[in-house]
Amino acid sequence: MLALPLGGKVALVTGAGRGIGREVALRLARDGAKIVAHYSASKQGAEEVVEEIISHGGDARAFGADVTSARQVGSLFQDIDSSFGALDIVVNCAGLSGGGALQDLDPEQAMRLFAVNTLGPLYVASEAAKRLGEGGRIINFGSTLADFPVAGAGVYSAAKSAIKSFTESWAKDLGSKGITVNTVIPGATSPGMFDRTPEPYRELFENASPFKRVGTATEIAAVVAFLASPEASWVSGAHIRANGAASA
Ligand SMILES: NC(=O)c1ccc[n+]([C@@H]2O[C@H](COP(=O)([O-])OP(=O)(O)OC[C@H]3O[C@@H](n4cnc5c(N)ncnc54)[C@H](OP(=O)(O)O)[C@@H]3O)[C@@H](O)[C@H]2O)c1
């Protein structure tokens with residue numbers, strides 16, 4: 001029998017109960033990884049992902065945590081320690097979109113956007129850095145909107161811009177341990193947060209790529225699968241756009 005690329009590896013996927021994270025969890029499981037399907041509100045979705053993986057002969061468990069709470073993220077990693085006793089791959093997929101006109105700033109929403117999109121991946125990566133070893137992987141999620149901001153989404157774009165700095169810094173922090181750190185940068189993607197995009201942004205994003213369509217979560221998961229694989233051992237500190245050359 002042929003060996004699977006992620007056979008014997010344990011992968012944490014944050015936000016695995018729906019959207020892109022769900023597809024990433026299923027893809028990494030197909031590639032042989034044991035999956036920690038993390039959720040916050042989507043417990044049922046994460047449990048369905050686990051059932052699907054187990055029904056195909058894989059191994060997975062679902063654990064909840066609000067990634068904006070360092071304490072809850074610490075408990076999540078303790079759950080991983082007791083259930084799997086190892087961790088090789090971390091996909092920081094959980095994220096939150098939102099926005100509004102600059103003059104209508106909602107400070108609480110702005111704090112929440114920074115907390116989920118910036119502090120969340122930081123808390124997760126810090127715990128991961130205590131556990132990952134040679135061949136380890138951290139895959140962060142940026143956004144095309146950080147590279148090409150649009151009116152009304154400045155806070156989201158700024159929060160996602162921080163991810164590139166994290167990736168480049170953490171790649172240097174962890175390279176000496178043989179761990180790679182990279183960013184995947186989706187454009188508008190379905191299933192995922194694009195599905196809840198209001199007009200006129202919906203039409204803008206649908207036409208932002210010369211392919212004149214949005215991406216699929218499966219297409220994003222394929223890029224994550226490459227970065228998670230042993231094939232990507234010399235790719236670190238990189239930001240990979242998976243957006244059909246979109247400029248919004
Ligand atoms: N889809 C797109 O168009 C698009 C474009 C560019 C970048 N991205 C990025 O891709 C990643 C995945 O997005 P998506 O499209 O899959 O979005 P989504 O369908 O809206 O899902 C968001 C995920 O983030 C999790 N999450 C949100 N707040 C959380 C919190 N406080 N604690 C823990 N988990 C939390 C959610 O978990 P629960 O449901 O369990 O709460 C959910 O699984 C995000 O980082 C996003 O910024 C997406």
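Each ligand, and each atom within it, is numbered from 1 in the order the structure gives. As the structure is a prediction and not an experimental result, all values here were calculated from the model.
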Novice: Which pair of non-hydrogen atoms, one from Asp88 and one from Val10, has the smallest distance, and what is that distance?
Specialist: OD2-N, 2.8 Å
Novice: With backbone taken as N, CA, C and O and side chain as the heavy atoms from C-beta onward, which portion of Lys43 lies under 4.0 Å from ligand 1: side chain, backbone, both, or neither?
Specialist: neither
Novice: Among all protein heavy atoms, pick the one closest to atom 29 (C) of ligand 1 and tell me residue, atom and distance.
Specialist: Val116 CG1, 4.0 Å
Novice: Is Arg241 salt-bridged to Asp147, going by a charged N under 4.0 Å from an acidic O?
Specialist: yes
Novice: Consider only side-chain heavy atoms of I, L, V, M, F, W and Y, link residues closer than 4.5 Å, and tell whether Ile20 and Leu6 are in one cluster.
Specialist: yes
Novice: For ligand 1, which atoms, with element, lie under 4.0 Å from some heavy atom of Gly187?
Specialist: 2 (C), 3 (O), 4 (C), 5 (C), 6 (C)
Novice: Which atoms of ligand 1 have any heavy atom of Phe194 under 4.0 Å away?
Specialist: 1 (N), 2 (C), 3 (O)
Novice: Examine the proximity of ligand 1 to Lys160 and report which part, side chain or backbone, both or neither, has a heavy atom under 4.0 Å away.
Specialist: side chain
Novice: Report, in ascending order of atom number, the atoms of ligand 1 lying under 4.0 Å from any heavy atom of Arg112.
Specialist: 31 (N)
Novice: Under a 4.5 Å cut-off applied to non-hydrogen side-chain atoms, are Leu76 and Ile80 in contact?
Specialist: yes
Novice: Show the atoms of ligand 1 that are less than 4.0 angstrom away from any heavy atom in Ala41.
Specialist: 38 (P), 40 (O), 41 (O)
Novice: With nothing but distance in play, are any N or O atoms of Thr189 less than 3.5 Å from an N or O of ligand 1?
Specialist: yes
Novice: Examine Leu204 and Val214 and state if one hydrophobic cluster contains both, with Ile, Leu, Val, Met, Phe, Trp and Tyr joined whenever side-chain heavy atoms are less than 4.5 Å apart.
Specialist: yes
